[in-house]
Each structure stands twice: as structure tokens, then as C-alpha cells.
2 protein chains.
Amino acid sequence: MRSRTEKTLAPEREKIIRTLLRERRVVRVEELCKELHASPATVRRDLADMEKKGVLRRVHGGAVSVESRLEEPLAFDDKTAIAAREKRRIAKAALALIQPNDTIYLDGGSTTLDLARLLKDRTDITLVTNSLRAAAELSGGGPRLILVGGELRRQAQTIVGTLTAETIKTLHFDKAIMGTIGMTLKEGLTTTDPGEAFTKQQAMSQAGEVILLAHSEKIGGISFAHFGDVDCADHLITDKGIPEPFKKQLQKMNIKVTVV
Amino acid sequence: MRSRTEKTLAPEREKIIRTLLRERRVVRVEELCKELHASPATVRRDLADMEKKGVLRRVHGGAVSVESRLEEPLAFDDKTAIAAREKRRIAKAALALIQPNDTIYLDGGSTTLDLARLLKDRTDITLVTNSLRAAAELSGGGPRLILVGGELRRQAQTIVGTLTAETIKTLHFDKAIMGTIGMTLKEGLTTTDPGEAFTKQQAMSQAGEVILLAHSEKIGGISFAHFGDVDCADHLITDKGIPEPFKKQLQKMNIKVTVV
DNA sequence: CGTTTTTTGATTGCTTTTGATCATTTATAA
DNA sequence: TTATAAATGATCAAAAGCAATCAAAAAACG
């Protein structure tokens with residue numbers, strides 16, 4: 001018997017490479033060997049095949065995504081790679097809800113950042129955000145962009161605290177698209193930082209509709225600072241990992257649930 | 001033998017260089033070595049390649065963005081590099097004026113951006129800014145950072161407009177460090193955008209001391225939107241290009257002039 | 001079950017990339 | 001201006017990556 005790690009078959013390897021490439025735009029051969037439990041030779045063969053198909057461009061040491069025209073602000077933290085596929089699909093579902101001339105509040109967080117990336121072409125909306133990374137993402141072009149004023153929380157690269165109220169209170173949003181760290185029926189919506197929580201509350205109170213984007217891992221989790229009950233949200237977009245009873249409960253509370 | 005630092009692939013390096021160049025307009029080889037975990041030789045090779053492609057222009061010590069005519073009308077020749085150096089020196093002089101526990105307003109602009117870079121170690125101050133680039137520069141660490149809220153003006157990557165007043169009016173600054181596009185005795189201080197002018201006025205009105213950083217090229221120039229008379233400034237820092245009569249005039253008006 | 005085909009991983013020699021050295025050029029300061 | 005320091009380009013050796021080949025292992029097939 002071989003080691004516990006299953007051998008990865010060719011089509012599956014290709015899928016993984018595609019995913020990694022979409023996430024990072026650049027992959028190293030060495031990296032892929034570990035990820036795929038395959039030898040460098042196999043990885044190179046795979047890359048060569050995929051290059052023939054036009055999926056990627058090989059470079060010394062690895063490969064880059066062929067649609068590398070997209071620009072990323074900086075190669076900073078990339079722990080956001082976890083569950084990236086689902087997050088992206090959640091973001092895409094949220095994108096479908098945005099209508100022309102909407103004024104949208106976009107919260108900080110990795111899922112909402114994915115959404116920001118999808119908004120680069122939407123010049124027909126106004127986007128208000130407290131996320132420095134979202135702003136950087138859209139600094140080159142895209143929606144009319146309004147930043148919330150306040151103190152930078154470096155850990156999350158968001159603008160938070162009491163000062164944010166000064167900006168937010170003068171605005172109204174058609175939709176507020178929020179992220180969360182924890183979500184339970186009993187404890188409601190929670191996040192790591194009180195300043196963050198305050199700003200979230202402000203934003204939600206000014207919104208006609210609150211759309212919550214949450215990877216299913218967040219369900220059942222509780223963090224430090226409470227920023228609202230689950231029924232603050234009008235619409236939850238999550239992935240298939242959501243427990244059925246939880247989904248039923250939300251629907252009973254008149255919260256729309258979209259599973260992607 | 002290299003240790004823990006991740007290897008950076010060639011296309012990654014190029015992308016990072018492009019990004020940095022877009023943010024700063026000028027990059028030093030030394031700087032890039034650190035950023036890319038590469039040797040000077042490699043960095044020079046990369047720069048040479050990119051120069052061939054026309055992405056940048058190499059100068060002694062590093063490279064300048066080829067599209068640095070954002071605010072510089074005559075930015076094609078060697079003057080760019082020279083001006084960049086002078087701007088850095090102006091920024092350095094301004095740095096010397098900043099004292100522990102100061103609360104500083106930092107205006108947008110290329111010279112002030114140079115100053116932002118010098119502030120990465122100053123954790124002993126509070127910095128308020130409307131410059132997205134300055135914020136990005138300091139997003140990793142440095143002073144307590146407060147961003148002004150308002151609309152993003154993409155051309156200059158600054159936050160401007162009436163909304164900025166909501167944030168600024170609640171704050172007081174020990175020093176406001178301002179840039180300008182034009183500066184004459186008669187027309188005063190002028191900039192390209194009315195929204196920009198409004199925000200500048202707001203910031204200066206809340207400051208105990210107004211320090212103006214201006215490359216000497218700006219002297220004698222007039223732009224579109226007036227944001228104050230020259231005597232709004234308490235202190236001008238500029239380079240040797242300042243005409244002597246102009247300097248005398250300012251001093252007669254009780255404005256301190258520092259020439260670097 | 002055995003044979004054939006495909007896929008994989010190891011070995012080898014070759015190419016590209018990288019970083020160190022050093023003489024030369026270029027900037028800065030006195 | 002000259003002196004001093006810094007940056008550069010050329011060269012070269014080491015390291016990393018690569019393609020080709022081949023044998024072993026898996027999968028497919030009868």
C-alpha cells in the first residue's frame with residue numbers, strides 16, 4: 001500500500017493547477033510538486049500540455065496565467081487562498097444582484113475583495129467601501145468610488161472606528177454587502193474587532209438591503225465583537241456547506257438564502 | 001545558498017516592479033533588491049529588459065516610470081530623475097520638522113508621497129491623509145494612519161470633495177504638509193481640480209502650522225482651482241531653483257523658506 | 001489473467017538564470 | 001574643481017530549471 005495521500009489523476013491535476021493559477025496568477029513547479037504529490041517531470045508535462053491548450057504561459061520555474069493583464073496591487077498576505085473557489089462563486093452570485101445605478105456599500109474581507117475584483121467594469125454604480133484593498137483593486141478604474149474616512153486597521157486593511165460614522169451617516173446605500181467572521185443564530189454576527197463591528201453597524205443601518213456573503217465555514221463560529229443579529233441580513237449568500245437546519249431557520253426568519 | 005525567503009519568479013518580479021513604479025514613479029535598485037529578494041545584478045537585468053520593452057527608463061540608481069507625466073508636463077527627459085531627487089530632498093527636510101506625538105495632515109502629490117515613504121518607521125505620530133498612495137505606502141506599518149473619507153479622484157489617487165469635510169472638521173492637526181501645482185504671489189496656490197482644492201482648504205483650516213512642499217518648477221505656475229493665498233503657508237520647503245526675489249517676498253510676508 | 005498501452009518518476013547532459021567580483025563610469029560633497 | 005562614494009556593466013562560476021530518454025508502475029483491454 002502506498003502512502004495515505006491519494007495519487008492525483010491527470011484531469012484532477014489540471015483542475016488544481018487551473019485553480020491555483022486563478023488564485024495566484026503565478027505558480028512554481030516546485031510548489032505544484034508538493035500540491036499534487038507528483039514529480040517535477042509530471043508537473044512539467046502537465047504544464048506543457050496546458051500551454052498547448054493556451055491555458056497558461058510557461059516561464060522559467062513555473063507558469064503564469066494567460067490572462068495576466070489583470071493587475072494585483074501588491075503581493076502581500078495571501079492566506080486568502082483558503083476556500084478561494086467557493087468565495088469566488090459567492091462573489092459572483094453577489095455580482096448578479098447589483099443593478100445599474102445602485103449605490104453599494106462594500107465591507108472589508110476576503111470574499112468581498114473577490115467581489116471588488118469583479119466590479120472593475122461596472123462603471124454604472126457607486127461603490128462605498130472601508131476596505132483599503134478593495135480601493136486599491138479599483139483604483140485604476142471602475143465604479144465611482146467613495147472611501148469611508150477613519151483609522152486604518154492594519155491587520156485587515158480596513159478603515160474602522162468612530163470616525164467612519166462621520167462619512168457613513170451622510171450616505172444611503174441601496175445595498176450593503178457585508179462579510180462576517182462568525183455567524184450563529186444565538187450569538188448573531190460577530191467579528192474580531194470592536195472598531196470593525198461599529199463600522200459594520202453604521203453601514204448596515206444606512207442600507208436598504210443587507211446582503212451577507214459568508215463561506216459556510218463561518219456558520220457556527222463566534223468571534224469577539226457582535227455587530228448584529230442574523231436577521232439584520234436580508235439575504236445570505238453561501239456555499240453548499242451550510243447545514244440544512246440552519247438554512248431552514250433563516251428562511252423561516254424571512255432571510256433569503258442563496259447557495260452556490 | 002538562499003534560506004527561507006521565497007523565490008520570486010521573473011514575471012512576478014516584473015509585475016512587482018511595474019506596480020511599485022506606478023505608485024512611486026521612481027524606484028531604486030537597492031529598494032527593489034529588498035522587495036524582490038534578489039541581487040542587484042538580477043534587478044539591473046530586469047530593469048534593462050523592461051527598458052527594452054519601453055516600460056520604464058533607467059536612470060542612475062534605479063528607474064523612472066515612463067508615464068510619469070501625471071503632474072509633470074515636461075517629464076520626458078532627464079529632468080524627471082533630477083526632479084525626483086530634489087523632491088526626495090524636500091521630503092527629507094520636511095521629515096526633520098516632524099516631532100514625536102505630532103498629528104500631521106499629509107496632502108496628496110508626488111513630493112508628499114516621498115515624505116510618506118520616509119515615515120515608515122515613525123510610529124510616534126498620527127498621520128491623516130487623503131492620499132491613497134500614501135496610505136498604500138504605509139499600509140504595512142508605520143504611524144497611526146487615518147484616512148479622510150470621500151470620493152476617489154483617480155487621476156491623482158486622492159480622496160476629495162465635500163464628503164472629506166465630514167472627516168476633517170472633527171480633527172485638528174499640529175502640522176499640515178501640503179503640495180501644490182501652481183504658486184504665484186498674485187494668484188496664490190492653485191491646483192487642477194476644484195474638489196481637490198476644497199479638501200486642501202479644509203485641511204489647512206484645521207492645522208496649527210501649514211508647511212508647503214513645492215518643487216521650484218511650481219513657482220510661477222498657475223493651475224485651475226485656487227485653494228489659498230501664499231500666506232496661507234507658514235513654511236515653504238523648496239529647492240535651489242527658487243527665484244531670489246520670490247524668496248525675499250515670502251520672507252517679508254513672514255513665511256519661513258527652507259531651500260534644500 | 002496476461003498483454004498492451006499509457007503514465008509516471010529517475011537519470012543524465014544541457015540551458016538559463018542568478019549572484020559575486022572587479023574595473024570603470026557616474027554622482028555627490030567638499 | 002577634485003576627492004570620495006556609489007552605481008554600473010562585464011565576466012564567470014554556481015545553482016536551478018529543463019528536455020530527452022528509459023525503465024517501472026498503472027491503467028486499459030482482450
Side-chain angles (χ1 to χ4, degrees), chain A residues 1-17 20-21 24 26-53 56-64, chain B residues 1-17 20-21 24 26-53 56-64 77-93 96 114 215 239-241 258-260:
Chain A
M1 189 67 194
R2 204 120 52 78
S3 69
R4 188 171 298 272
T5 51
E6 284 284 286
K7 175 124 185 225
T8 320
L9 297 157
E12 195 164 349
R13 284 203 311 268
E14 179 169 337
K15 205 167 124 197
I16 292 171
I17 294 173
L20 285 174
L21 215 44
R24 310 181 192 176
V26 182
V27 288
R28 295 175 194 75
V29 171
E30 192 191 355
E31 198 173 73
L32 289 174
C33 289
K34 273 190 205 153
E35 202 74 42
L36 305 172
H37 307 292
S39 71
T42 304
V43 169
R44 291 204 182 93
R45 269 188 285 255
D46 284 349
L47 292 180
D49 289 348
M50 293 173 74
E51 183 172 41
K52 240 176 239 163
K53 289 196 219 164
L56 49 79
R57 211 185 87 235
R58 285 232 279 162
V59 295
H60 211 87
V64 296
Chain B
M1 174 106 30
R2 198 92 61 76
S3 54
R4 68 183 62 171
T5 50
E6 282 273 297
K7 186 94 191 280
T8 315
L9 254 42
E12 284 182 289
R13 288 201 309 265
E14 183 171 325
K15 198 166 112 189
I16 292 170
I17 293 172
L20 286 175
L21 214 45
R24 310 180 187 177
V26 185
V27 288
R28 287 188 301 259
V29 171
E30 190 193 355
E31 199 171 74
L32 290 174
C33 289
K34 274 189 203 152
E35 202 75 43
L36 305 171
H37 308 295
S39 71
T42 303
V43 169
R44 291 204 181 93
R45 270 188 284 253
D46 283 348
L47 292 180
D49 287 348
M50 293 174 74
E51 183 173 42
K52 229 177 260 171
K53 289 195 215 163
L56 49 79
R57 262 204 47 244
R58 289 187 68 187
V59 293
H60 212 84
V64 296
D77 50 24
D78 299 301
K79 301 237 163 152
T80 310
I82 297 165
R85 192 161 37 247
E86 278 156 357
K87 284 176 182 183
R88 271 203 300 276
R89 289 173 59 184
I90 291 170
K92 221 164 182 178
D114 278 333
H215 190 265
D239 60 273
K240 299 190 190 84
T258 302
V259 176
V260 295

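In what follows, every chain begins at residue 1, and chains take the letters A, B, ... in the order their sequences are listed. Please read all numbers here as calculations on a predicted model, not as lab measurements.
Non-hydrogen atoms lying under 4.0 Å from DNA chain C are contributed by A/Arg45, all within residues 43-53 of chain A.
Residue A/Leu32 contributes atom CG, which lies 13 Å from atom P of C/dG9 at whole-angstrom precision. Counting to the nearest Å, the C1' atom of D/dA6 and the CD atom of B/Glu30 are 10 Å from each other. To the nearest angstrom, P of C/dT17 lies 13 Å from CD of B/Glu14. Atom C1' of nucleotide C/dT7 and atom CG of A/Leu36 are separated by 15 Å, given to the nearest angstrom. Note: CD (A/Glu12) to C1' (C/dT7) measures 16 Å, nearest angstrom.
Judged as a salt bridge (Lys or Arg N to Asp or Glu O under 4.0 Å), and not counting sequence neighbours, the contacts of A/Lys53 are A/Glu14. Evaluation of the salt bridge (Lys or Arg N to Asp or Glu O under 4.0 Å) rule for B/Arg28 yields B/Glu31 as partners, not counting sequence neighbours. Every residue was checked against the salt bridge (Lys or Arg N to Asp or Glu O under 4.0 Å) condition with B/Asp239, not counting sequence neighbours, and none meets it. Take B/Glu30 and apply the salt bridge (Lys or Arg N to Asp or Glu O under 4.0 Å) test, not counting sequence neighbours, and it matches no residue.
The phosphate of C/dT18 has neither OP1 nor OP2 within less than 4.0 Å of any side-chain N or O from B/Thr42. Phosphate proximity of C/dT18 to B/Ser39: absent, as no side-chain N or O sits under 4.0 Å from OP1 or OP2. A close approach under 4.0 Å does not occur between any side-chain nitrogen or oxygen of B/Arg28 and OP1 or OP2 of C/dA27. Residue A/Arg13 places at least one side-chain N or O closer than 4.0 Å to OP1 or OP2 of C/dT8.
Here the side chain of B/Glu12 pairs a donor or acceptor atom with the backbone of B/Leu9 at under 3.5 angstrom.
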Chi angles and distances behind the side-chain contact (heavy atoms from CB on, under 4.5 Å) call for B/Arg13, B/Thr42: CA-CA 10 Å; B/Arg13 288 201 309 265; B/Thr42 303; 3.7 Å; yes
Are A/Leu56 and A/Leu47 close enough, and set up right, to give a side-chain contact (heavy atoms from CB on, under 4.5 Å), and what steps lead you there? CA-CA 8 Å; A/Leu56 49 79; A/Leu47 292 180; 3.8 Å; yes
Grab the N/O contacts between the protein and nucleotides 28-30 of chain C below 3.5 Å, and write none if there aren't any.
{"from": "C/dT28", "atom 1": "OP1", "to": "B/Arg85", "atom 2": "NE", "distance (Å)": "3.0"}

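Comparing D/dG9, C/dG19, C/dA10 by their closest approach to the side chain of B/Arg58 singles out D/dG9. Distances were taken from every side-chain heavy atom of B/His60 (C-beta onward) to each of C/dA27, C/dG9, C/dG19; the shortest belongs to C/dA27. Each of D/dT8, C/dG19, C/dG9 was ranked by its minimum atom distance to the side chain of B/Val29; first place goes to D/dT8.
B/Arg88 has no carboxylate O lying under 4.0 Å from a charged side-chain N of B/Asp114, or vice versa, which leaves the two without a salt bridge.
Across all their heavy atoms, B/Val260 and B/Ala93 have their closest contact at CG1-CB, 3.5 Å.
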